[in-house]
Structure formats: structure tokens, C-alpha cells
Amino acid sequence: MRPGNPEALQHPYDPARVESRWYAYWEERGMFQPRGDAEGATAGRGRFVIAIPPPNITGSLTMGHLLGESIRDLIVRWQRMEGRETLYIPGMDHAGIATQNVVEKKLRADGRSRHDLGREEFLAEVWKWKEEFGGLIFRQERRLGTTPDWTRERFTLDPGYSHAVLHVFRALFEKGLVYRGRYIVNWCPRCRTALSDEEVDHVETQGSLWHIRYPISGTEKFVTVATTRPETMLGDTGVAVSPKDTRYAKLVGKTAVLPLVRREIPIIADAMVDPKFGTGAVKITPAHDPNDFQTGKRHGLAELVIMDESGVMNENAGDFRGLDRFEARKRIVAALQDAGYLEKVEPHTLSIGHCSRCDTVIEPYLSWQWFVKMVPLAAPAIEAAKKGRIKFFPSRWKKVYLHWLENIHDWCISRQLWWGHRIPVWYRGDEMVVSIESPEGEGWRQDDDVLDTWFSSWLWPFATLGWPEKTRDLERFYPNSLMVTGSDIIFFWVARMIMAGYEFTGEAPFPHVYFTSIVRDAQGRKMSKSLGNSPDPLAMIDRFGADAVRFTMIYLTPAGQDLLFDEKRIETGKFFANKMWNAAKLVQMRIGDEDLGAVKESQLDLSLADRWILSRYANAVKDVTRNLKTYRFNEAANAIYHFAWNDYCDWYLEMAKPRWAEDADPTDRRTARWVAWKVFDGILRLLHPFMPYVTEELWQALPHDGDCLATASWPKSKKSWFDAGVERDIVFLQEIVVSVRNMRVEAGLQPGRKVSVVVRGTPEQLDLVERLAPQLRPLARIETLTVSRDGGRPQVAASSVVQGAEVFLPLEGLVDLGEERERLTRDASKLLDELEGVKRKLRNQDFLNKARPDVVEKEKLRLAQLEETLEKLKRAQESLRVSQG
RNA sequence: GGGCGAUUAGCUCAGUUGGUAGAGCACUUGCUCGACAAGCAAGGGGUCACUGGUUCAAGUCCAGUAUCGCCCACCA
């Protein structure tokens, strides 16, 4: 046992001061590293491994990170204290598009583009940027007190990690699961790259449906098509109608003349056309619409690309060449109208895809890209969730996950960027090889494209551990134990990690996935830069302290719901930390120099109050632990908060104060000291994963056992400490205290004024009151406490009924009694309502016959108690009337 | 078009197998009594969105309605 440090608590609680002290202390002791790294270490009680969802190198700390990190570190610290060998893997994502955008923007400010630099030099610029600004988020994170093993930090573009990515590409290619093809993809004309389906955000938009007349060749007639994108008509190579549509049956096989362009295009019948939509006739633009692309393939229609990669009309657009797609739309509509081809325009709601990076409207674009065949990869991931080998918390995400996997499309993984893993494919004439190293011989040219960022991060749980090499880390720490992340990346990342886990390691990368709340502002809006509604996390930590921020985020996060955040609420955590600080001060001041660690329980004489707080403590340990195990973090925070504040500070410490006095009985004083210290020590342990800094500080300021709280053991509930009977006894005491305090206030007594109290009740109750008298007196400021065994009662008194016992506060000559009478009437009417409810229940034959016997018994008891209480209140009212009259 | 979630105190939300409605903040009143005014004490405030059903008993289970929010979908 080590002595505390009284000096540490001499000043008021100051988070900044406390929180600057411990991070280096922990880190120097290597406590962030798995225990097994040390020479001759033992495995301990199993392992716990969790990986950070790698933030983008462009990122800085957001409210979302704050919540995620608070939760991950909460679990890691708890598991470490539980004795497990823990590893929290940190690292960052190169974030292809996001990072390239940032650096290009910087170049643009100097009037340069990446093309001015060339590929090599541009990448050098990005690396330079990465070295300078890339680590910001982790520098910020240290302030939060999280405990990743920084010696194992990984980056998705590290040589080893890159090797894993290219290895995977090659392996999938060899298996026939990666292929190259010319298809319609989601194209961002601003980023000038292809995107996956998941990188497109759909927004409901009020658009128009343009009805355009296409003349039928060799006749005066025309067929009217309806479209939401008139500009694509320049690329039309057919018109389709439904084969079942009798209106148009005669037209099939004929040709139409494309307005403005005068190209003859066939009229075909295809089942994809819904006769009920629009006019029932559809223009077919195979190069600019995924549906039309399929239709075109079925009918051998030409694929005519009319835009370039920036969304500007190209040489196939005739007079409209050089126009931006939206300008072209206006001009084309105008030209159609002028020439009499435009039949009508209807308002039409549709959902338009936007680039999730830059919000530019997505263009379906025909191009050569690399794809991953997903159906075979999805199969084991689907089975894993169905069989429960992977569980989601909250569980409803399982449905979302399965729905996506069961309707999965192939994944477009090539990006027309420079920052990323360059596709390991080489071309020479018609030859193509997939190879991580450049092939032997002259004239090979590597594919220009890089891989989707998520094609590297889907390997995160094992590539961070050295896979595909069979490293010691991989053996020790894979699979991981848990994934904690946001539900917004369930498809991007979680589902793909699971697929990759099964494909490349043959097992699930983790058994559990916990989805954190989405942090929104007080009005429920998403936190965003443009709205300016996100508090600056660092400023917040400075203002309230990391402990306060961590605790409050966890205290507020509802399981499975969004978190509506208001900065003011961080006060909850700050005030709580302050409360613990002051409680420590009191305990510290009163426990003296005695070596409490050496005290054995057999040397103590536990009072009812002691047994009560130990029982409550045992319950708190159970509650906190259970709620952590079931990922109900807010409930866990709630449990420790209320135990520490209400039970321990408000009641136990108040009851212990007189027992610490100089003239108190030595054994009793020692007992009160030991229990107060012991329970507070436990509170600090339970609270440490939530508030690491202040708990460490307080723990070391008090007598403690060991090097630091961060590696101390997690408390266990002692069976012998649970005592429901004592808990009931103290509830009785608490109710008496509250009733006396209430009577005092109602009677308008000075707060400091001592009073006399008389209690009447059953012999058992009176015995209990006598045993509890030493605690009762100071809590309720009672001068003389009398138990009335002969049934006597004061004549003029305020009174209340507690569990059937009567508590009297003699008022003779103290106040006018009007207030008191009002209070009694209020109490009585409240009781009357309750009584009516219970009576109704007990009159109900069905209730008596069908409810569980113990429930019926309870109701009967309650009836008796209510009636008795009411009776006593009436007598009190009566006696007041008599005494005043 | 499909799916999911929410609706409980003025606000934000808990409420784990159905059995006397809770917290924080806000509000009212009173407190410089040796840990803490970032505090203590006492209080006020709720037909648990609506309708119906199951049950002895529903905030809790079931069905439907309304409002709000989110996700998915090749919605010319």
C-alpha cells in the first residue's frame, strides 16, 4: 500500500492542471502496449483487440470522433483493468479523393494544377502535405486521453500495407473476381473520376419531365418520348416501347428521326419499358444511362458518348459542342421548342445522385473500369450474420446489412486519381499482366488508375497486423474482439471488412459490431462545416476538460438513437468530476494516517450504514459491469454517476461524518474510515475508463495499491456485501430524514435550528430507529429523538407517516399551523387517489384469481399500509384542529 | 416503391423478460452549518402521439392511423 499525497488536493478542481500530468506517465510505463510484448509476460485473462476506424489524414477531430473514441477507449481501459491483454490499433487512411482534393486546392491557390507538376512530383507534394498536416487528428486525440498503442500505428499507404492491398488485387484477379470492363459508372465531372455506388448521395429534387416529339421516318406522324434529361437526346440511338403496348405496336421496326440531329434511329420493343409511365415511349441513350445501356446491348444499338470527362459536350454533340451539360440542356430545350418538337413540360420529382465528396451532380458515364464481383464474396458474410457468428448492436442493423448484401452489385474499384494504390496491371500492346512488381522486359506501361480507398481499408483488421505475412501480431491479435464505428459506413466499410475477412483469412474479422450514435446539433441537424453548427472539440476540451467531455458523451449516447448534442450539457461531466474531487478531499482529510490497506475486515465493526453502502457498492459494480458488457454505455455511466453522487456522497459520507470525529469510538472511527476509503477506491476504479485523468489523480492522492489506476484491477462484487435487508432499513431511515426535513421546511423553521422528533411505530421499527439514531440526528438536525413505546404522542405537532410509522415534529409555540394543515391535506388527497386504485384492483375477481400470488399479496399489503397511513394523517389533522381550537 | 427509427415533464432523453412513471437541464423556495454555490436541502411539473386489440394488469406486447427523421431502390 502506498500513502496518498495530501498536497495534490489542496486547490480546487482544475481540469487543465490535472489533465496535463498523466498521459506521459501512462505512456512511459508502456501501458498502451499489449502486456505480452514485454519479456516473460503471461497471457493473462485472454485478449481484447480493437482497431480504430482509420480517420482520413485530412481529418481533424469532430464530435463524431469524440464519441467513438470515448467509447472505444472506455472499453479498452475497462478490459485492461479486467486483466486482459489489450491492444488498441491506431492508424490513418490515405483517403484518395479527399486528400487529393485538398492538395489540388492548395496548388490551385498558387495557380498550378497537378498536371503542371506531373504524377511523380504531385505525389511528392501530397506526401509532403501528409508529413506536415496529416497527424493532426492524433495529436488532438492524445488530449482526450485515449490509449492506442502508438508503436503500432499504421497508414494505408505504408509499404507493408500497400503490399497487402496489391496482393489482394492480384489474388482476386487470379480467382476471376476482379475484372476489367466497359460499363456505365457513376462519374464525378468535377473530381473527374469514377465512383462506387456508395459514394453517390441521392437527393430528391423537383425536376421536369420533357415530352419531345420524334418524327417517324417517312410519315407526318411522330412518337412522343418523355425524359428528365433532354440533353442526352444527342446520344440517342433508339426509341423503345413496351411489347405489350398496343398503342405503339405498329411503330416497332420503323425508325424515328432524332430532332435537331436528323439521325435515323430504330424503334424497338423492350420489356423494360413501363407503358404507364410518361408517354410509354422511351428514348434510348446507351452511353449515358445504365438502363439504356442494357437495352442497347440487347438490341445492338450504338453507344454514342456525347460528353467528355468534365461533363462538357464533345464533338458528337454537333452545334452544342463545348457547352457544359447544364447549359446544353437549356439550349437544347430551347431549340426543340423553337422547332416545335417540345410537346409539353411536366413537373416531376426525381432523385439525383451527387458526389459524396464535392456534391457535384453525378453523370452516368461509359468508360473502362476495374470491378470486383461481389456475389461470391457476399455469401459467407451473409451466412455469418444469419448464423449469429457476427452480431450487431443495436441488432436492427443486421437487416440493413443483409438487405444490402443480398442485393449487392459489383464494385467499381478504379479511380482516375493519382493519390492511392496504383493498379498493379501492366499493358504492352494487346498484352496485359497483373503483377505487383513491374514485369520483365521493355515497353510495359502501368495502368494509370489507382484503387478505391475502401479497397485498402476493407483489409484493416488484419493488414494492420502484418498480413499477408504470418506475423506474431497476426497470430496474437486476429480476429479482433469488437468493431465500434458509425452506421454511416456500414456498407462502405463494415460489410466489406467482413467479406474481406472471410475471403482472405477464412474467418470473421470480429464477432461484434457496435454502432455509435450519430452526433447532431440541438435541432437534430447533422454536424457540418457549412452549417457551422459543430462545436470545436479542442476548444470544448479546453473549456470543460477531457474527462468531462468523455463522460458526458457516453452519458448522453442513447443505445441506437442519434445523439442531440448541446455544448452546455458537457457541464454534467464537469460538475461530476468536481464532485468527485471534493469527495476525495473530504475522504482524504478524514481518513488520517492509518494504513488502511493493512486493515482486515475482521478488525472492523460494520454499522448498518457501512453494510448499506457496501451492498449498494456491490450492486453498482454489478450494474456498471453488466451495462458495459451489453454495450449500454449510457446506462453504465448513469449507474456509476448515481451511486457515487447520491448514495455515496449524499448519504454515506454524511452519515460517516460524525463517526470520524476525534471523540468517536476508535473502532467505529476506523471502520468508517476504511469503508469510506474502500468504496471510494472502488468508485474511482469504476469511473476510470470514463474519466481517466481525474480518477488517476485522485487515486494517487489517496492511499493506493499499485503503480497507477490505469492498470489497477476492475472491482468485483463481493457476494457477502449484498444485503437487501440492510438496504430496506436504510430506505426507512432516508424516508424519515426526508419527512423531517420536509416538515421543517413547511413549518418555516430556520435551517440551522435543531428540533425534537418523536417516532411511533412497530417495535421493530422503533428498534431500528434507535439503532440508526446516531445517523438520523445529524442528517435531520434532530436535538432529541424519542421513540414512543407507550403510544404517547405530542399534542401540537407536524406529522407524517413513513412506512406506517408516524413521525412527529412538535411545533408548540413555533409557528402558525395553517401551513401544516395544508400539507397534511395535500398528502392525504394524494394517498386517497392511490388508495382508490389499489381498492379497484382488489375488487377485481380476475385479478385475484389470475395474477401471480406474490403480486396480489403485495397489493393487499399496500392497501393495508395506505389505509393505516391515511388513518394516521386524519388523526393528525384532527389533533391540530383540536389544539388550535 | 421498399425498409428502419422516433413520438414519455418546458427542453434533451432513459425506462433490459408486462406489475406503484425516472434522470439531467430549466423552474420555485430556502441555505456562507469545516468536502463541494461546479454545491446542499425541500418542492412544482406527465390522460407515456392517436385508435383499437391481447391480458387480471400495457409506456412496455400486437394491429392500424398521424406527424417527424433516416436508409435503400437501374423513379425514362
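Below, read A as the first sequence line, B as the second, and so on, with proteins coming before strands; counting in each chain starts at 1.
Across the strands present, B/U12 finds its partner in B/A23; the criterion is a Watson-Crick or G-U wobble pair with both atom distances under 3.5 angstrom. Nucleotide B/G46 has no partner under the Watson-Crick or G-U criteria, as no pair reaches both atom distances under 3.5 Å. Using Watson-Crick or G-U wobble geometry with both donor-acceptor distances under 3.5 Å, B/G69 finds its partner in B/C4. When Watson-Crick and G-U wobble pairs are counted only if both distances are under 3.5 Å, B/C61 pairs with B/G53. Across all strands shown, nothing is found opposite B/U32 as a Watson-Crick or G-U wobble partner with both distances under 3.5 Å.
Note: CD1 (A/Ile362) to P (B/A73) measures 14 Å, nearest angstrom. Across the protein-nucleic acid pair, A/Glu859 atom CD and B/U20 atom C1' stand 8 Å apart, rounded to whole Å. Distance A/Asn638 CG to B/G15 C1': 10 Å, rounded to the nearest Å. The CD atom of A/Glu783 sits 18 Å away from the P atom of B/C33 (whole-angstrom rounding). One interatomic measurement links the two molecules: OH of A/Tyr555 to P of B/G15, which rounds to 13 Å at whole-angstrom precision. In this structure, CD1 of A/Ile518 is placed 11 Å from C1' of B/G69, rounded to the nearest angstrom. A straight line from CZ of A/Arg396 to C1' of B/G5 spans 5 Å, rounded to a whole angstrom. B/G22 atom C1' lies 9 Å from atom NE2 of A/His642, rounded to whole Å.
Spacing of C1' atoms, B/G59 relative to B/U47, comes out at 12 Å, to the nearest Å. Between B/C62 and B/A23, the distance separating the two C1' atoms is 30 Å to the nearest Å. Comparing B/A14 with B/A21, their C1' atoms are spaced 12 Å from each other, to the whole Å. Taking atom P on both B/A66 and B/C27, the two are 39 Å apart, rounded to the nearest angstrom. Using atom P as the reference point in both B/G45 and B/G22, the two lie 14 Å apart (nearest Å). Comparing B/A58 with B/C50, their P atoms are spaced 15 Å from each other, to the whole Å.
Nucleic acid contact for A/Ala281: base, since at least one base atom lies under 4.0 Å from a heavy atom of the residue. At the heavy-atom level, A/Val855 lies under 4.0 Å from base atoms of the strands shown. Note on A/Ser351: a base of the nucleic acid sits closer than 4.0 angstrom, heavy atoms only. Using a 4.0 Å heavy-atom cutoff across all strands shown, A/Asn844 reaches sugar-phosphate atoms only and no base atom.
Between the side chains of A/Thr285 and A/Asp236, at least one donor N or O sits under 3.5 Å from an acceptor N or O. Checked by atom type, the side-chain pair A/Asp647/A/His642 shows no donor-acceptor distance below 3.5 Å. For the residue pair A/Glu199 / A/Ser356, no side-chain donor-acceptor distance below 3.5 Å is found, with atom types taken as modelled.
The closest donor-acceptor contact from the side chain of A/Tyr648 to the backbone of A/Ala676 lies under 3.5 Å.
Of the two residues near RNA chain B, A/Lys276 and A/Leu848, the one whose nearest nucleotide lies more 5' is A/Leu848.
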* Asked: Along nucleotides 34-47 of chain B, 5' to 3', which nucleotides get a B, which get an S, and which get a -, given that the test is a protein heavy-atom distance under 4.0 Å?
  -> SBB-BSSSSSS---

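Considering only the side chain of A/Asp274, B/A76 comes nearest among B/G24, B/A76, B/C72. Side-chain proximity of A/Thr572 to the nucleotides B/G24, B/G15, B/C74 is greatest for B/G24. Considering only the side chain of A/Lys399, B/C4 comes nearest among B/C4, B/A76, B/C72. Closest to the side chain of A/Lys568, from the set B/A26, B/C56, B/A76, is B/A26. Of the candidates B/C74, B/C56, B/A23, the closest approach to any side-chain atom of A/Phe847 belongs to B/C56.
Summarising the local packing, CZ of A/Arg396 is surrounded by more than 12 heavy atoms from other residues, nucleotides or ligands at distances under 6.0 Å. Counting non-hydrogen atoms of neighbouring residues, nucleotides and ligands closer than 6.0 angstrom, the CZ atom of A/Arg247 exceeds 12 such neighbours.
Under the 6.0 Å distance and 45° angle rule, A/Arg496 counts as a cation-pi partner of A/Trp411.
When ring centroids are compared, A/Phe371 and A/Tyr183 come within the 6.0 Å threshold. Taking the six-membered ring for Trp, A/Trp581 and A/His11 have ring centres closer than 6.0 Å. With ring centers used as reference points, A/Trp397 lies 6.0 Å or more from A/Phe392. A centroid separation of 6.0 Å or more is found between the aromatic rings of A/Phe393 and A/Phe515.
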Report, one pair per line, the protein and nucleotides 52-54 of chain B atoms (nitrogen or oxygen only) whose separation is under 3.5 Å.
none

